[in-house]
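In what follows, a single structure is set out as structure tokens and then discussed.
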Amino acid sequence: MRLRHTVAAALGALTLVVTLPTAASAASGQFRYTYETEEGYEAVGFLNDPPSGACVNLPGADSDALPPAYAPKNITDASATVFLSADCEGDVYYTLRPGGGASDRLKVRSVVFS
């Protein structure tokens, strides 16, 4: 009888471990960029500990109705590939190494981290 309870408990624990969701990996640190607000003011946007492998449209610059963001700074521990288009699409992209940045000339709307 004890063996049956032990086996049942072990199987229950194994099932629980197998079904637990795994934490999504994230780049540690901050990604910064500059953008122009709808009122025409310069503002700094940032992403704290952004998700890895998922495209992030940059708030304040994610629409064709708004000017693209510029001067990205990758202060994370992962590479960041920035795109001129939203949804990480298009042929215009640039990869920033961890700790790297670009000038005001680099225009961006979305980013994905490795």
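Computed from a predicted structure; not experimentally measured. Residues: numbered from 1 along the sequence shown.
By the 6.0 Å contact criterion, OH on Y70 is enclosed, its count of non-hydrogen atoms from other residues, nucleotides or ligands being greater than 12.
Note that OG1 of T34 and CG of D104 are 6.5 Å apart. Values are rounded to the nearest 0.5 Å. If you take CZ on F113 and OG on S28, they are separated by 11.0 Å, rounding to the nearest 0.5 Å. Of the inter-residue distances, the one linking L58 atom CG with R32 atom CZ reads 14.5 Å to the nearest 0.5 angstrom.
Although no hydrogens or angles enter the test, the distance criterion places a donor-acceptor pair under 3.5 Å between the side chain of D49 and the main chain of G29. Checking side-chain atoms of R109 against main-chain N and O of S63 turns up a donor-acceptor pair under 3.5 Å. Side-chain atoms of Y94 never come within 3.5 Å of backbone atoms of A80 as a donor-acceptor pair (strictly under, hydrogens ignored). Using a distance-only test at 3.5 Å, with no hydrogens or angles considered, no donor-acceptor pair links the side chain of K73 to the main chain of G100.
Between L96 and the choices V108, T76, N74, I75, the side chain to side chain contact (heavy atoms under 4.5 Å, CB included) rule is met once, by N74. In summary, of the residues considered (V112, V111, V92), a side chain to side chain contact (heavy atoms under 4.5 Å, CB included) with F83 occurs for V112 alone.
Residues S110 and S85 have side chains not in contact (no heavy-atom distance under 4.5 Å, counting atoms from C-beta outward). Two residues are said to be in side-chain contact when any heavy atoms from C-beta on lie closer than 4.5 Å; L66 and E36 fail this criterion.
Pairing each heavy atom of Y33 with each of F46, the nearest pair is CE2-N, 3.8 Å. Smallest separation of non-hydrogen atoms from G45 and Y35: N-CE2, 3.7 Å. Smallest separation of non-hydrogen atoms from S103 and P72: O-CD, 4.3 Å. Residue S114 comes nearest to S52 through the heavy atom pair O-OG, 3.4 Å, listed as atom of the first residue, atom of the second, then distance.
Under the 4.5 Å side-chain contact rule for hydrophobic residues, V56 and F31 share a cluster.
Inspection of the T81 and T95 side chains reveals an N or O donor paired with an N or O acceptor under 3.5 Å.
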